[in-house]
Amino acid sequence: MIGKLLATMQEHVSGHLARNHVAEIARYHRLQASPGFRQAAQYCQESFEESGIHAEVLGFPAREGTTCWGWPMFQEWEASEGVLRLIEPPEQSRKLADYNEARLSLIQRSAPFEGEAEVVLLEDGEEWAEYEGLDLRGKVVLTKGDRDRVHYLAVEKHGALGIITDTLKELPGLRHPMDLPDALQYTSFWWYGGETRCFGFVLSPKEGARLRALIKECQRDGKPPLKVQVSVKSRFWDGEINTVSALIPGQTKEEVLLLAHLCHPQGAANDNASGSATVLEAARVLQSLISRGTLAQPRRGIRFLLVPEILGFAAYLAHNESLIPNMIAALNLDMVGEDQSLCGSTMTIEQAPGSFANYADDLVVRLVEETSSGATNYAGLEGQTASRHAVTPFSGGSDHCLLIDPSVGVPCPMINQWPDKFYHTSTDTLDKVDPAMLARVGSIAATYAYFLADAGPEEAAWLAEEVLSRHKTRVLALARDGLARAAGADHSPEDGEMLWRRVRLLQMRTEKALQSILRLADVDVSAWQEEARAFAEAELARIAKLVPHSPGKTPPGDGEKEAASIVLRRLCPGPIDPKNFINRMSDEEHETWWRVYKESPDDTYVYPALLLYWADGLRNVQEISDLIELEMGKRVTEMLVTCCRLWQRLGLVELSTAS
Ligand SMILES: [Zn+2]
């Protein structure tokens, strides 16, 4: 059913035109809420218009102290100069960083400053103990530590003037900082109000190592400490955060969205000029096929949205809540142009969490698979993929996290390339972009959008079959792997129980996914649901014969008891990232949060979101923790309780006692 549509798109989508857009977009310094972003937005608006699609650049207030759903807003910012010069020892005098030569050499949103300062070396500067006996007033710190934590300890608590960072995030197995010795890490301040604003510079790992050695040498030889001259000319103002919106009208008010974030620093190509460019190219092809009559005007409109990542999309949604009931599905393109051989990346299709299982993931996987052949074996037979792809569990961190919240309720898979060796550094440049990959994702996106925009009963039935067959495959895979594990020497009775519950969760996911098809057409999905259930039950019966399962014990611990006593009630849609509220935390809350964050920074993105998604006003937090563990394989009850307490105090959620 979908093959012909996909073939039409593949024939017309041009990876080279998309790549040209990447080159153009990457020229703008497209920081969230900034003139550079606005210019990139105008470029995209004109591109839509050139394709014959009406487009507009929307603006929402960018001011401190306001919130869009759970996302605090901030001011516009722009810099005209940012120079860091080493002046002591005089024989080593040289320029270390220059914003006009390399946009990433300044920590974005640096405050203006002119003057000279001594440099103090901190190992990571993340713990109070490191500051004992240090006088940082009027000085600058050089550190690899977490930016927020160092700002809090060095600047807020110890009076430092600014921060120089030489950190480059390690991507385990793919990127060690010294693999990219000259790269600069994309680093930002986010001032949400009330903080002591300061300046900051970013050095490459190589320059950082050189400076560190020099500082130690001066200390050893009893020479005067290193000194730098700083000149930052920048300004902040109450302005706008912008979004580009373009629409191919349908026959009804309903819409399908193609979504990408347009933000990020000048030069950034795969992240996410690639996603934005792919949206532009998909839009061109769809409009041209529809206006020529090759494709009929779809039942539903197709809207294209280019936004500042998450917080800009939150601004759009919070100001356009009345449009949400008409959004029937979306697709998020975030980092999609990678040359896999250079970047080491895999194309991932991120699944919705169980709290919002829906049919759309399976549709994207089908399209990815349909476009994945290309390589042949020695006998010349097809069947191999020429590139890597994988279906991955929900991890959030991009725009789809707002839509797949059950309280928003718009199916929105994400296509992404992860991990990318050059991610968030000055080396994410145009030469890492593969036009063939852009063309592939562009065809997938255009097919997805048109198929759903025009879907009726026939397409709905086809989707139900697709969901059902993939359900069977998933149940079998889960059972096979679970049984293999349970047969291992070190298995515990809980393994059997876990397997049992995972199959049940999968069953629940599929029933929900089949139910979600009703949004497209008035079809009776009960027969498919019945077949899915029967299949899972048969597998469970087989599992029961092979491994015993006994109900799990309640996990011990104070956090667990507390979690069982809390029911969370939400006050706004969308996830809340606790990190965005550091400026409103008490010192005690800051320390508590820091302990949770330090343990696993990446987890603090996804788990709090999952907590909010499952919170229906009835389940207690321990029950939610069970569900999250089942899905993610990790129990984080204490983090969840910390979030609940913090959010309640900040007025972001309400808590009641579980009965
Ligand atoms: Zn990014």
Side-chain angles (χ1 to χ4, degrees), residues 22 25-34 36-37 40-41 44 71 74 77 102-104 106-109 146-148 165 167-171 174-175 180 183-190 202 241-243 259-279 305-315 332-339 343-348 350 392 394-402 412 414-430 432-433 437-438 441 575 577 579-580 601-602 604-606 609:
V22 176
I25 292 168
R27 287 166 50 186
Y28 299 100
H29 191 48
R30 352 183 261 287
L31 223 58
Q32 310 80 354
S34 74
F37 184 93
C44 295
W71 298 82
F74 44 90
W77 174 85
R103 288 288 186 240
L104 291 188
L106 193 60
I107 298 187
Q108 310 301 315
R109 297 185 189 79
D146 178 82
R147 179 211 58 228
D148 286 337
T165 171
T167 191
L168 195 91
K169 196 179 175 205
E170 185 165 355
L171 300 175
L174 182 66
R175 170 170 103 190
L180 300 174
L184 301 172
Q185 173 84 47
Y186 168 29
T187 316
S188 274
F189 292 122
W190 298 89
V202 180
I241 186 159
N242 300 108
T243 291
L259 183 65
H261 73 84
L262 177 61
C263 58
H264 280 20
Q266 188 177 63
N270 275 319
D271 190 9
N272 186 32
S274 69
S276 303
T278 305
V279 169
L305 283 176
L306 304 177
V307 299
E309 194 171 14
I310 308 183
L311 33 94
F313 190 35
N332 181 26
L333 304 182
D334 185 353
M335 301 173 66
V336 296
E338 271 80 351
D339 180 326
C343 302
S345 60
T346 296
M347 182 198 284
T348 63
E350 189 169 302
T392 56
F394 178 76
S395 70
S398 185
D399 298 291
H400 60 302
C401 74
L402 295 168
C412 183
M414 170 170 73
I415 300 181
N416 179 246
Q417 291 259 357
W418 192 258
D420 176 338
K421 184 176 174 185
F422 309 103
Y423 169 69
H424 274 196
T425 73
S426 52
T427 56
D428 172 16
T429 43
L430 188 60
K432 317 298 187 321
V433 177
M437 190 58 84
L438 293 173
V441 178
D577 185 350
K579 194 164 86 268
N580 296 344
D602 295 338
T604 63
Y605 222 106
V606 56

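What's counted below: heavy atoms across the whole structure, side chains too, no hydrogens, waters or symmetry copies. Atoms within each ligand, like the ligands themselves, are counted from 1 in listed order.
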Keeping waters out of it, list the protein N, O or S atoms under 2.8 Å from the Zn ion (ligand 1). H264 NE2, D271 OD2, H424 NE2
Taking side chain to side chain contact (heavy atoms under 4.5 Å, CB included) as the definition, give me every residue that meets it alongside A609, ordered by chain and number, with sequence neighbours left out. P575, Y613
Which residues pass the side chain to side chain donor-acceptor pair (under 3.5 Å) test with T429, sequence neighbours left out? D431, K432
Side chain to side chain contact (heavy atoms under 4.5 Å, CB included) partners of A183, counting only residues at least two apart: L168, L180, T425, S426, T427
Between Y423 and D428, is any pair of side-chain heavy atoms under 4.5 Å apart? no
Ion pair present between D602 and K169, side-chain N to carboxylate O less than 4.0 angstrom? yes
Kindly determine whether I415 and V336 satisfy side-chain contact (heavy atoms from CB on, under 4.5 Å), including the steps that lead there. CA-CA 7 Å; I415 300 181; V336 296; 4.1 Å; yes
